[in-house]
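Heads up, the thing below is written out as structure tokens.
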2 protein chains.
Amino acid sequence: MTDRSHPAGKPIRTAITDEDGIDFAIIELFFFAYRDFTSDPDQILSDYGFGRAHHRVLHFVNRRPGLTVAELLDVLKITKQSLARVLKQLIDTDHIVQLQGPRDRRQRELYPTAKGRALALALARPQSRRIHAALEDAGATERTLIERFLEAMVNPELRAQIDIVPAKTSGKSHGDH
Amino acid sequence: MTDRSHPAGKPIRTAITDEDGIDFAIIELFFFAYRDFTSDPDQILSDYGFGRAHHRVLHFVNRRPGLTVAELLDVLKITKQSLARVLKQLIDTDHIVQLQGPRDRRQRELYPTAKGRALALALARPQSRRIHAALEDAGATERTLIERFLEAMVNPELRAQIDIVPAKTSGKSHGDH
DNA sequence: AAATTACGTCAACAGTACTGACATAATTTC
DNA sequence: GAAATTATGTCAGTACTGTTGACGTAATTT
């Protein structure tokens with residue numbers, strides 16, 4: 001691997017750092033944090049033969065019961081075909097049911113069953129525990145700060161999707177959008 | 001879809017909320033934030049025929065020049081085979097070079113080339129811009145808070161990997177590990 | 001000399017994403 | 001009312017990233 005037939009570039013031996021004007025520290029932390037954040041539910045899901053995609057569908061159907069297929073596609077930002085497989089499995093295993101739209105009978109409103117709700121909660125539990133642990137010695141102020149940071153990381157056009165959800169007890173309304 | 005041959009569960013029409021004792025707000029924000037966080041580099045990578053896996057390899061080789069294949073596998077937590085494919089491509093395209101380990105000649109030390117460093121920077125730039133924008137009206141205190149939160153989200157056993165990296169100018173040392 | 005380690009590679013497979021095309025039923029538009 | 005559009009479902013084919021298990025080679029350690 002030292003003798004190469006083509007003119008290979010010379011090795012750079014110095015590390016890239018934040019000095020280059022780039023936030024490598026947070027970039028890297030975000031990677032590690034998200035990886036571990038998803039690892040707990042992934043573990044549980046494999047018992048069901050499900051993957052991360054099933055989790056996401058289950059999550060949003062529980063968060064916004066009655067949302068249509070089109071709305072779900074828009075939230076997840078995936079294609080119809082990608083959704084079709086996992087949604088079908090979740091329906092076949094009785095985690096989600098479809099109801100014909102009341103106004104528009106072409107639409108399928110998606111609702112969790114008791115089974116689907118239970119699984120959604122089971123998957124969210126370790127994630128919530130992890131979040132609580134991370135915020136252990138943090139007050140409400142810090143918590144709000146984290147939420148604002150994460151929300152600010154989302155593309156502005158898509159932030160509307162986030163606020164669709166029923167307000168929390170403590171109220172997360174910071175502004176009036 | 002309304003007539004089913006098996007006894008389907010009844011639809012639950014109420015949304016899951018934070019009242020269930022679970023941090024759904026942050027769980028969801030984390031999903032959206034990470035999705036958009038990775039979307040910018042994904043865009044650039046597709047021009048090279050690369051994927052997210054290439055980005056991660058490139059990132060860590062730039063962050064820890066000279067790390068061995070075994071170390072990289074340990075950081076990424078993927079299998080040898082998963083790494084092999086993308087690493088080979090990065091070497092073939094002259095983004096990364098391998099040098100025989102000085103002490104142990106079985107080892108391959110991985111270094112970025114100028115080309116590899118440039119790509120790593122190009123990929124990190126939009127991510128860093130996004131982070132800066134999200135922290136726009138936040139001070140150094142908030143920044144440290146975000147870092148601590150993200151670090152606390154990582155599995156404790158793995159936190160050591162994070163601190164391998166050269167210290168930042170401002171110093172992120174909170175403690176003396 | 002034998003066992004172990006670091007790395008590379010091969011075959012086979014799974015999960016999740018993509019594109020593009022086509023079909024059906026329901027709604028909207030002209 | 002006929003035509004266009006919309007919501008959904010489905011099919012075929014493909015790409016990327018991950019997995020397991022097996023095998024080979026060179027280098028190091030025991």
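Values below: all heavy atoms of this structure, side chains included; hydrogens, waters and symmetry mates excluded. Please read all numbers here as calculations on a predicted model, not as lab measurements. Numbers restart at 1 for each chain; the letters A, B, ... are given by sequence-line order, proteins then strands.
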* Output the distance between atom OH (A:Y111) and atom CD (A:Q98), rounded to the nearest 0.5 Å. => 12.0 Å
Closest listed nucleotide, where the reference is the side chain of [X] and the choices are [options]:
X      : options                : result
B:D104 : D:dT8, C:dC18, C:dA6   : C:dA6
A:I78  : D:dT20, C:dA17, C:dT16 : C:dA17
B:A84  : C:dT9, C:dC7, D:dA27   : C:dT9
B:S82  : D:dG9, D:dT19, C:dA17  : D:dT19
A:K80  : C:dA21, D:dT17, C:dC7  : C:dA21
B:Q81  : C:dT16, D:dT19, C:dA6  : D:dT19

* Taking five pairs at each end, how big is the angle between the two axes of the helix from C:dA1-D:dT30 to C:dC30-D:dG1, to 10°? -> 20°
* Could you tell me whether B:H55 contacts a base, only the sugar-phosphate backbone, or nothing, with contacts defined as non-hydrogen atoms closer than 4.0 Å? => nothing
* Could B:R159 and B:E151 be called an ion pair, given the rule that one side-chain N must be under 4.0 Å from one carboxylate O? -> no
* **Flag, side chain of A:D74 to backbone of A:A70, donor-acceptor distance under 3.5 Å** => no
* Asked: Roughly, in whole Å, what's the span from CG in A:L87 to P in C:dA17?
  -> 13 Å
* Counting just side-chain N and O atoms, does B:R105 come under 4.0 Å of either OP1 or OP2 of D:dT28? -> yes
* Of B:R52, B:H55, B:Q43, which meets side chain to side chain donor-acceptor pair (under 3.5 Å) against B:T38? -> B:R52
* To do: Decide whether B:R108 and B:T68 meet the rule of one side-chain donor and one side-chain acceptor closer than 3.5 Å.
  => no
* Side-chain donor-acceptor pair under 3.5 Å between A:T79 and A:S82, yes or no? -> yes
* Asked: Per the atom types in the model, does the base of D:dT8 pair as donor or acceptor with the side chain of A:R106 at under 3.5 Å?
  -> no
* **Side-chain donor/acceptor of A:R85 to base of C:dA17, under 3.5 Å** => yes
